There are 2 protein chains.
Amino acid sequence: MTDSVAATRTGKRERLVDGARQVLHAQGVEASTLADIAAAADVPLGNVYYYFKTKDELVEAAIEAHAADIRAFLASFERHRTPRARLKAFVRALVEQRDLAARSGCPHGTLCSELAKHDDDDLRDVAPQLIQIPVDWAEQQFRELGRRDARDLAIALIASYQGISLLTNTFRNPTLMEREGRRLERWIDELAG
Amino acid sequence: MTDSVAATRTGKRERLVDGARQVLHAQGVEASTLADIAAAADVPLGNVYYYFKTKDELVEAAIEAHAADIRAFLASFERHRTPRARLKAFVRALVEQRDLAARSGCPHGTLCSELAKHDDDDLRDVAPQLIQIPVDWAEQQFRELGRRDARDLAIALIASYQGISLLTNTFRNPTLMEREGRRLERWIDELAG
DNA sequence: GTCTATAGACCGATAGAC
DNA sequence: GTCTATCGGTCTATAGAC
């Protein structure tokens, strides 16, 4: 990502990105200050600007780290042989994060929701790329299931997850996601294909 | 709502609440300043504090106005005789607001998502009451349809709408909500009951 | 009741010592 | 490369004239 390998020897850049991800998820983008992030990363405030020119640039780096994580997360389901098994494993894995969702919502969904209202154009354009990743993956699975409406089903699946994340977070009740997860698994089972 | 009728003769309080709703929806809670809201309401900045002690109090008033609107919105579907017709009319009415959702997301969902991360406790507790209203209404409709799992179906329906609002907003594409709306109408049609 | 002017606090970003 | 100290700007909230 960066050319100055010597600079990252101590891992400060990585710590800043990880700290940013945690703080941004817990507090939201606008409410998170560079002081909060620097403290979470255990890096002095002024040092942040050696690694990132602006706050937005740090946010963008956090998003890119999220994108890489999502891709690895989705790749982990390749061990299942059928698309149906992959989709159900995907739903189960999301449900496992229900306590995190109850506390702060879906890390990617809340980020997209906030960035959509951000005034910086560059940052607004990165958000769609984040949600695009699981949508494309799910579309591929439904297509392998033989569904002509694979795109609509993928959108519906991701929308259901994003929506139940919002409700789980708003009511601070992880059980909501548990029940919706079971419903989605049944829905996948009952899909002809 | 307030006892000082003389104070609201010029409608400034009402204008401030309406301005707050628009600005908060368009920009988000944290990014919206009292100066933005006052300008939208065409009220001098310093005058805001005559009507509201704090910014949070103005946000709370905006939420209460939203709650009243949701109740009126839901009541408008009583003209349909069957619960199935009421649910489908509800979905169609939401889809009609797709351009607004593409621009700024669902007014209630984005508010809940933001307030869940707010540091003020009072404000965090009002958000769930907002989403509770359509969930309770939908549960009642599914119950009248004879469904034992009315609560789960209501949660699933509202979650689908909130999720597709987030995707529609992130991709700035109202067509997503149009297609998902058709899918939800079919889903309601196919429900046994 | 209405509005201006500003206090007081905080944040992003920079300058510059080491 | 690292860190402190601080500037300039912005925001909420208040004081006080009218």
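Each chain gets a letter, A, B and so on, in the order the sequences are listed, and its residues count up from 1. All heavy atoms count here, side chains included; hydrogens, waters and symmetry mates do not. Keep in mind that this is a model prediction, so the values were computed, not measured.
- Between A:Asp121 and A:Arg124, at least one side-chain N (NZ, or NE/NH1/NH2) sits under 4.0 Å from a carboxylate O, which counts as a salt bridge.
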Would you give a per-nucleotide map of nucleotides 11-18 of chain C, 5' to 3', where B means the base has a protein non-hydrogen atom under 4.0 Å away, S means only the sugar-phosphate does, and - means neither?
SSBB----

Side-chain donor-acceptor pairs of residues 155-165 of chain A under 3.5 Å, sequence neighbours excluded:
residue, atom, partner, partner atom, Å
A:Ser160, OG, A:Ala156, O, 3.2
A:Ser160, OG, B:Ser160, OG, 3.4
A:Ser165, OG, A:Tyr161, O, 2.9

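- Note: CG (B:Asp120) to P (D:dT12) measures 14 Å, nearest angstrom.
- Pairs passing the salt bridge (Lys or Arg N to Asp or Glu O under 4.0 Å) check and including a residue from residues 152-174 of chain A, sequence neighbours excluded, read A:Asp152-B:Arg179.
- If you take OH of A:Tyr50 and C1' of D:dG1, they are 5 Å apart, rounded to a whole angstrom.
- Separating the CG atom of B:Asn47 from the C1' atom of D:dA13 is a distance of 14 Å, rounded to the nearest angstrom.
- Note on B:Tyr51: every side-chain N or O is 4.0 Å or more away from OP1 and OP2 of C:dG1.
- Scanning for side chain to side chain contact (heavy atoms under 4.5 Å, CB included) contacts around A:Thr82 gives A:Arg84, A:Ala85, with sequence neighbours left out.
- What separates CG of B:Leu16 from P of C:dG1 is a distance of 15 Å, to the nearest Å.
- Applying the side chain to side chain donor-acceptor pair (under 3.5 Å) rule to pairs touching residues 25-44 of chain A yields A:Thr33-A:Asp36, sequence neighbours excluded.
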Below 3.5 Å, can you tabulate the donor-acceptor pairs from side chains in residues 91-107 of chain A to any protein atom, sequence neighbours excluded?
residue, atom, partner, partner atom, Å
A:Arg92, NH1, A:Glu185, OE1, 3.0
A:Arg98, NE, A:Glu178, OE1, 3.3
A:Arg98, NH1, A:Val95, O, 3.2

